Amino acid sequence: MARVRPLSGYPEWTPAQRVVESAVIDALKEVFTLHGFAEIETRAVETVERLAGKSEAAKEIYTLTRLNADGDADARLGLHFDLTVPFARYVEEFQNELAFPFKRFQIQKVWRGERPQEGRYREFYQADIDVVGRQSLPAHLDVEVAVVMARALAALPLPGVTMRVNNRRLVEGFYRGVGIDDIAGALRSVDKLDKIGPDGVRAELVEQQVPETAADAILELARISAPDASFVNAVEDLWATTTTVADVADAEAQLREGLAQLVALVQGVNAAVPGTAIADLRIARGLDYYTGSVYETFLDGHEDLGSICSGGRYDSLVAGGGFPGVGMSIGVSRLVSRMLGAGLVEATRAVPTAVLVAVTDEETRAASTAIADALRGRGIATEVAPTAAKFGKQIQHADRRGIPFVWFPGSEGASDEVKDIRSGDQVPADAATWEPPAEDLSPRIVPAD
RNA sequence: GUGGCUAUAGCUCAGGUGGUAGAGCAUCGCGUUGUGGUCGCGAGGGUCGCGGGUUCAAGUCCCGUUAGCCACCCCA
């Protein structure tokens with residue numbers, strides 16, 4: 001028989017690992033729901049035209065064909081590579097049935113035909129939240145979305161996260177003020193600051209016909225960061241000494257609007273979850289449809305993993321315009337794989353079962369089943385031993401699966417007994433009234449030792 | 001898509017210069033005939049990723065191929 005080997009980029013978890021992934025998803029859902037975000041699920045496929053139309057990501061799209069496709073003219077379909085494109089289509093399609101501003105969350109798998117690595121998969125979960133308005137959307141929702149994500153991440157057993165935020169308006173105003181024409185091009189270069197360093201970025205900028213003084217000003221701006229409003233003075237000082245354009249009124253208005261939004265964002269997030277947000281004027285984001293706030297979130301001590309939660313403000317979700325929004329996306333699989341791989345957390349057990357009812361012999365299996373049903377009737381996950389093996393074997397069966405309690409039916413009128421196999425304590429018990437400790441009722445995730 | 005590294009038991013790996021495959025862990029059994037975990041003894045388990053070549057002889061050398069890992073690109 002051919003050996004079964006893992007397929008690169010398509011992660012699969014053991015039951016205990018899936019407990020962790022499920023707990024993460026459940027915790028996210030709870031926080032999103034608590035803030036009034038409605039859940040939706042979209043189909044896995046979109047038309048290729050729609051998927052490819054968005055960007056140059058076309059080569060990453062997995063397309064679908066039937067094995068026996070006989071040349072019929074079906075619309076070509078592809079698997080979605082993010083949750084924003086399907087959401088945009090959904091909003092367009094259901095716009096008459098949705099109430100705006102529309103707040104939704106969506107936790108689904110997405111597929112990208114990229115070269116896999118640690119934290120980069122071909123099939124993975126994303127958890128998205130977006131708020132979309134009709135015609136307009138107040139700026140304070142930029143803060144709300146970031147606050148919800150900060151709280152969602154804080155609800156997970158993680159070392160802590162740092163959300164680095166910036167504002168495209170601020171950056172654009174500044175760039176215009178120092179005479180940059182190709183703002184998107186300059187942003188793409190600044191985005192590589194970590195990779196190629198200040199000198200590398202400077203060289204790229206000069207290559208793009210950016211004057212040297214302007215390149216230096218851009219790099220100075222990218223150096224600014226602060227966990228509070230103190231970055232404003234630094235930006236203003238830099239602005240005062242570097243503007244080269246004759247008429248800077250428009251650019252300055254744009255800069256000031258961005259500054260105010262960024263101040264509100266940093267202060268708002270840090271008020272909700274102290275120590276989470278940092279205004280970092282080097283954060284650019286490669287995607288060019290962002291027009292205001294941009295976010296990138298890193299797991300403290302695991303910055304090598306890359307961003308685990310990013311997003312931003314955009315002018316319109318749909319091509320025709322009119323649906324401004326702001327959203328963020330958590331890379332659930334990336335996060336979970338690191339939590340598991342680095343031993344940050346573990347599940348208390350791999351099965352839901354809290355109690356294994358032992359079977360004395362096959363003739364009395366019915367008695368064991370009755371005990372199990374009594375416990376199940378009171379919400380205690382229970383299974384019955386598969387065979388009437390020696391009790392040592394039955395206890396071992398429970399131990400291997402992490403089942404904390406083994407129940408021994410009493411024989412010949414004797415009372416039943418329940419054993420905590422971790423401590424070895426065994427006490428008389430009645431299936432009609434016995435309760436496990438609350439922390440043993442269901443599998444939980446706990447910090448690993 | 002580009003480059004580097006790797007592929008031997010269920011898992012992690014060892015196998016100078018070619019000479020009939022090994023360890024630890026895991027699994028199963030017994031010690032311990034109805035209360036596990038420790039300990040001791042024992043057992044099962046491998047067409048050495050696949051295909052070809054060189055050779056009396058290939059896990060080992062050569063070519064090809066497939067897959068995995070890592071980096072780049074890009075991103076969650």
Side-chain angles (χ1 to χ4, degrees), chain A residues 1-11 14 24 28 54-61 80-84 106-129 149 153 161 188 191-192 194-196 284-288 290 294-299 302-312 327-339 341 356 358-362 364 385 387-409 411 417-427:
Chain A
M1 187 177 85
R3 192 115 61 95
V4 178
R5 293 219 160 260
L7 256 183
S8 179
Y10 301 90
T14 62
V24 167
L28 297 178
K54 195 83 178 177
S55 69
E56 70 294 332
K59 60 184 178 182
E60 293 181 4
I61 297 170
H80 56 225
F81 57 83
D82 71 7
L83 298 178
T84 304
Q106 196 171 345
I107 302 174
Q108 287 181 241
K109 282 188 169 172
V110 305
W111 294 267
R112 291 184 194 174
E114 273 193 300
R115 198 71 144 224
Q117 278 171 47
E118 195 205 345
R120 298 187 50 187
Y121 301 107
R122 289 176 166 168
E123 176 181 69
F124 59 99
Y125 276 108
Q126 287 198 154
D128 276 34
I129 62 173
M149 278 308 197
L153 292 166
V161 301
R188 273 195 296 278
D191 196 38
K192 299 179 191 166
D194 284 329
K195 289 266 162 66
I196 62 178
R285 308 281 300 136
L287 275 35
D288 55 9
Y290 292 126
V294 288
Y295 322 89
E296 283 198 352
T297 313
F298 298 88
L299 188 57
H302 299 269
E303 287 77 9
D304 61 294
L305 190 59
S307 174
I308 54 164
C309 173
S310 349
M328 297 182 77
S329 175
I330 296 182
V332 175
S333 299
R334 169 173 290 184
L335 187 56
V336 168
S337 73
R338 178 56 65 97
M339 290 168 76
L356 177 79
V359 174
T360 307
D361 49 53
E362 288 303 333
T364 60
T387 65
K390 290 195 292 188
F391 282 160
K393 291 281 182 213
Q394 298 194 40
I395 291 169
Q396 195 173 63
H397 177 92
D399 191 33
R400 293 253 169 84
R401 290 163 179 74
I403 299 170
F405 295 99
V406 176
W407 193 286
F408 297 101
S411 56
E417 296 200 341
V418 66
K419 177 190 191 71
D420 182 330
I421 65 172
R422 296 158 300 187
S423 63
D425 295 343
Q426 187 167 332
V427 296

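Letters A, B, ... mirror the listed sequences (proteins, then strands); counts begin at 1. As the structure is a prediction and not an experimental result, all values here were calculated from the model.
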Can you sort out the partners of [X] under side chain to side chain donor-acceptor pair (under 3.5 Å), two or more places apart, ordered by chain and number?
| X | answer |
| --- | --- |
| A/Ser333 | none |
| A/Ser411 | none |
| A/Ser310 | A/Ser307 |
| A/Arg338 | A/Glu118, A/His302, A/Asp304 |

Residue pair [X] / [Y]: nearest heavy atoms and the distance that separates them:
| X | Y | value |
| --- | --- | --- |
| A/Gln106 | A/Leu83 | O-CD1, 3.4 Å |
| A/Cys309 | A/Leu153 | CB-CD1, 4.2 Å |
| A/Thr364 | A/Thr360 | OG1-CB, 3.7 Å |
| A/Ala127 | A/Leu28 | CB-CD1, 3.9 Å |

| query | Is the base of B/G36 touched by the side chain of A/Asp399 through a donor-acceptor pair closer than 3.5 angstrom? | reply | yes

| request: Tell whether A/Arg115 reaches the base of B/C70 with its side chain through a donor-acceptor pair below 3.5 angstrom. | output: no

Look up atom [atom1] in [X] and atom [atom2] in [Y], then write down how far apart they are to the nearest 0.5 Å.
| X | Y | atom1 | atom2 | answer |
| --- | --- | --- | --- | --- |
| A/Lys393 | A/Arg400 | NZ | CZ | 7.5 Å |
| A/Ile129 | A/Ile107 | CD1 | CD1 | 10.5 Å |
| A/Ile330 | A/Asp128 | CD1 | CG | 9.0 Å |

For the pair made of [atom1] in [X] and [atom2] in [N], what is the distance, rounded to whole Å?
| X | N | atom1 | atom2 | value |
| --- | --- | --- | --- | --- |
| A/Glu296 | B/C75 | CD | P | 9 Å |
| A/Arg122 | B/G68 | CZ | C1' | 11 Å |
| A/Lys109 | B/A76 | NZ | C1' | 15 Å |
| A/Trp111 | B/C74 | CH2 | P | 25 Å |
| A/Ile107 | B/A76 | CD1 | C1' | 14 Å |
| A/Gln126 | B/C75 | CD | C1' | 9 Å |
| A/Leu28 | B/A76 | CG | C1' | 13 Å |
| A/Asp420 | B/G37 | CG | C1' | 13 Å |

Suppose you measure atom [atom1] in [N] against the same atom in [M]; what distance do you get, rounded to whole Å?
| N | M | atom1 | answer |
| --- | --- | --- | --- |
| B/A9 | B/U47 | P | 9 Å |
| B/G59 | B/G22 | P | 14 Å |
| B/G10 | B/C50 | P | 13 Å |
| B/G29 | B/U33 | C1' | 15 Å |
| B/G15 | B/U66 | C1' | 24 Å |
| B/G45 | B/C5 | P | 37 Å |
| B/A43 | B/A7 | C1' | 29 Å |
| B/U17 | B/U12 | C1' | 28 Å |

When we call it a touch if two heavy atoms are under 4.0 Å apart, what does [X] touch: a base, just sugar-phosphate, or nothing?
| X | result |
| --- | --- |
| A/Val336 | nothing |
| A/Ile308 | sugar-phosphate |
| A/Tyr125 | nothing |
| A/Arg422 | base |
| A/Thr360 | base |
| A/Gly306 | nothing |
| A/Gln426 | base |

| message | As a check on the pairing definition, encode RNA chain B in dot-bracket form, counting Watson-Crick and G-U wobble pairs whose two distances are under 3.5 Å, and using | for partners outside this strand. | response | (((((((..((((.....[..)))).(((((.......))))).....(((((..]....))))))))))))....

| said: Can you tell me if A/Arg400 touches the phosphate of B/U27, counting only side-chain N or O atoms and a distance under 4.0 Å to OP1 or OP2? | reply: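 Yes, within the criterion.
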
| message | Strictly below 4.0 Å: does A/Ser8 bring a side-chain N or O up to OP1 or OP2 of B/C69? | response | yes

Which nucleotide wins on minimum distance to the side chain of [X], given the candidates [options]?
| X | options | value |
| --- | --- | --- |
| A/Lys419 | B/G34, B/C72, B/G36 | B/G36 |
| A/Lys390 | B/U33, B/A76, B/C72 | B/U33 |
| A/Phe408 | B/U35, B/C75, B/A71 | B/U35 |

| If you find the nucleotide of RNA chain B closest to A/Pro116 and the one closest to A/Lys192, which residue's nucleotide is nearer the 5' end? | A/Pro116

| message | Return whichever of A/Gln117 or A/Val359 has its heavy-atom-nearest nucleotide of RNA chain B closer to the 5' end. | response | A/Val359

| Hey, can you pull the residues of residues 391-398 of chain A with a non-hydrogen atom under 4.0 angstrom from RNA chain B? |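 Correct list: A/Phe391, A/Gly392, A/Lys393, A/Gln394, A/Ile395, A/Gln396.
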
| Aromatic A/Phe405 / basic A/Arg422 pairing, under 6.0 angstrom, 45° off normal |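 Yes; both conditions hold, so A/Arg422 lies above the ring face of A/Phe405.
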
